[in-house]
Amino acid sequence: MTKRMMGSSGIEVAKLALGGNVFGWTADEAASFAILDAFVDAGGTMIDTADGYSAWVPGNKGGESETIIGKWLKQPGKRNRVVIATKVGFMAGLAPDIIASACDASLARLGIETIDLYYQHKDDEKVPLADSLGAIDALVKAGKVRAIGLSNFTAPRIEEALHVAHHAGLTVPSAYQGWYNMLERQKFEEAIAAVVLGQGLAMFPFYGLANGFLTGKYRSQTDLGKSVRGLRNVEYFEGKGPKVLAALDEVSRESGASLAAIALAWTMAQPGITAPIASATSLAQVEEQVAALTLTLTPGQIELLDRVSE
């Protein structure tokens with residue numbers, strides 16, 4: 001399986017990452033184990049989670065996804081096949097003491113000695129970047145973290161974080177994660193222009209299937225009752241959504257591939273993208289998604305999808 005380098009980290013990953021946000025939410029432990037096995041068996045390597053997954057579920061407090069992944073990792077031969085990415089700070093912020101304790105808690109839930117990629121989950125402007133980056137740099141020096149990343153930062157704040165890290169001699173972020181799909185491109189592409197063209201960070205877009213819209217399962221507004229995020233899918237219908245679906249259908253007829261595989265393959269083909277992140281709640285969804293790993297779109301198909309998604 002062809003792999004891509006993760007920025008300056010020295011870590012290589014397959015060009016599709018598995019999102020762990022559904023583990024402990026819409027996928028129970030047994031389903032999560034089956035999904036993880038299928039993803040890795042198909043050549044996937046990166047598993048993306050966070051200490052806040054899935055705190056939004058009634059009765060959960062966060063860490064449920066990491067706990068399930070940790071149980072899966074305890075099985076023989078699993079740890080050395082995957083790259084584990086997790087995040088800190090979405091709920092509690094990025095104060096140095098919070099980062100230190102949260103990292104230890106994530107390591108305990110995951111049952112590993114080192115996190116391969118540790119993100120600041122979202123910007124915390126109350127905490128100086130030198131402090132939050134310094135706290136994570138200490139984790140790198142302690143052997144608890146291999147590489148660091150930024151998630152949900154604006155382009156100017158990404159550039160500021162990189163400047164602070166370089167100037168202070170701290171571990172420099174090697175990855176960025178943000179919301180990006182065929183229907184919502186602008187903010188992420190601004191970040192790409194800021195950091196990939198200039199700094200060479202690995203780019204890991206999430207919501208690559210637009211909450212399932214790009215799989216084709218929401219063909220009319222009457223389908224929205226099935227959607228976790230119905231309001232956003234209404235916005236898709238009222239915007240360029242139907243045009244994008246029509247183009248995906250056309251490429252599907254030509255290639256025989258599913259809409260999900262096509263949408264992910266299009267993302268993989270965009271400049272600067274290392275690997276899109278996609279979540280799955282069933283083996284059927286995993287099979288559709290990992291098909292993107294071996295799907296090559298023609299230049300004409302990419303041009304069509306580029307045009308309708310601009």
Side-chain angles (χ1 to χ4, degrees), residues 4-9 11 13 15-22 46-53 56 65 83 85-91 93-94 116-125 129 132-133 136 147-165 172-214 229 232 235-236 239 244 263-279 289 292 306 309-310:
R4 295 173 173 176
M5 187 62 66
M6 194 175 77
S8 59
S9 68
I11 300 171
V13 295
K15 59 184 180 179
L16 177 67
L18 180 65
N21 60 310
V22 297
M46 174 172 274
I47 301 168
D48 181 87
T49 186
D51 64 358
Y53 297 165
W56 57 86
S65 173
V83 172
T86 192
K87 312 178 193 72
V88 60
F90 194 87
M91 296 177 294
L94 294 170
D116 297 307
L117 175 59
Y118 201 39
Y119 288 99
Q120 295 188 28
H121 201 160
K122 70 174 183 179
D123 198 1
D124 182 356
E125 295 190 12
L129 284 166
S132 59
L133 290 168
I136 298 182
I148 72 173
L150 307 171
S151 177
N152 297 303
F153 276 53
T154 64
R157 288 286 283 175
I158 296 169
E159 291 188 302
E160 184 180 351
L162 295 172
H163 173 78
V164 167
V172 178
S174 57
Y176 175 70
Q177 186 176 134
W179 188 306
Y180 179 64
N181 56 59
M182 295 178 70
L183 298 172
E184 297 172 290
R185 295 174 55 177
Q186 183 176 359
K187 288 183 179 179
F188 193 82
E189 289 180 350
E190 289 173 353
I192 290 174
V195 299
V196 170
L197 299 182
Q199 302 289 346
L201 272 72
M203 306 296 282
F204 295 100
F206 61 87
Y207 281 124
L209 295 176
N211 302 304
F213 186 90
L214 295 176
R229 297 176 182 269
R232 182 167 294 278
E235 294 172 353
Y236 293 155
V244 168
L264 291 171
W266 172 87
T267 306
M268 294 172 185
Q270 298 308 299
I273 299 298
T274 304
I277 301 166
S279 303
Q289 293 168 10
D306 282 345
S309 66
E310 286 177 345

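The structure presented is a predicted model; accordingly, all values stated were derived computationally and were not measured.
Counting all heavy atoms, side chain and backbone alike, Ser309 lies closest to Arg185 at OG-NH1, 2.7 Å. Of all non-hydrogen atoms in Leu150 and Ala161, the two that sit nearest each other are CD1-CB, 3.8 Å. Smallest separation of non-hydrogen atoms from Ala292 and Lys15: O-CE, 4.4 Å. Of all heavy-atom pairs between Leu16 and Pro276, the closest is CD1-O, 3.5 Å. Contact between Val22 and Ser279 at its shortest, heavy atoms only, is CG1-CB, 3.9 Å. Nearest heavy-atom pair across Leu183 and Ala210 is CD1-CB, 4.2 Å.
Note that OG of Ser65 and CG of Asp48 are 8.5 Å apart. Values are rounded to the nearest 0.5 Å. Of the inter-residue distances, the one linking Leu264 atom CG with Leu209 atom CG reads 4.5 Å to the nearest 0.5 angstrom.
The side-chain heavy atoms of Asn181 and Thr267, taken from C-beta on, include no pair separated by under 4.5 Å. Here the side chains of Leu117 and Met46 are in contact, with some heavy-atom distance below 4.5 Å. You'll find the side chain of Pro205 stays beyond 4.5 Å of the side chain of Ile277, heavy atoms only. You'll find the side chain of Lys87 stays beyond 4.5 Å of the side chain of Tyr118, heavy atoms only. Residues Pro173 and Leu133 have side chains in contact (heavy-atom distance under 4.5 Å, counting atoms from C-beta outward). Taking 4.5 Å as the limit, some side-chain heavy atom of Val88 sits within range of a side-chain heavy atom of Leu94. In this structure the side chain of Asn152 reaches within 4.5 angstrom of the side chain of Phe206, judged on heavy atoms. Using a 4.5 Å heavy-atom cutoff, the side chains of Arg157 and Leu129 are in contact.
By the 30° and 60° cut-offs, the orientation of the rings of Tyr119 relative to Phe204 is perpendicular. Under the 30°/60° scheme for interplanar angles, the aromatic rings of Trp179 and Tyr207 are found to be tilted.
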Practice task
I would like to know whether Glu190 and Thr154 meet side-chain contact (heavy atoms from CB on, under 4.5 Å); could you show each step before the answer?
Solution key: CA-CA 9 Å; Glu190 289 173 353; Thr154 64; over 6 Å; no
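At least one donor-acceptor pair under 3.5 Å links the side chain of Thr274 to the backbone N or O of Met203. Panel note: side chain Arg4, backbone Ile273; a donor-acceptor pair is recorded below 3.5 Å. The closest donor-acceptor contact from the side chain of Gln199 to the backbone of Glu159 lies at 3.5 Å or more, if one exists at all.
Screening Gln177, Gln120, Lys122 for a side chain to side chain contact (heavy atoms under 4.5 Å, CB included) with Phe153, the sole residue that qualifies is Gln120.
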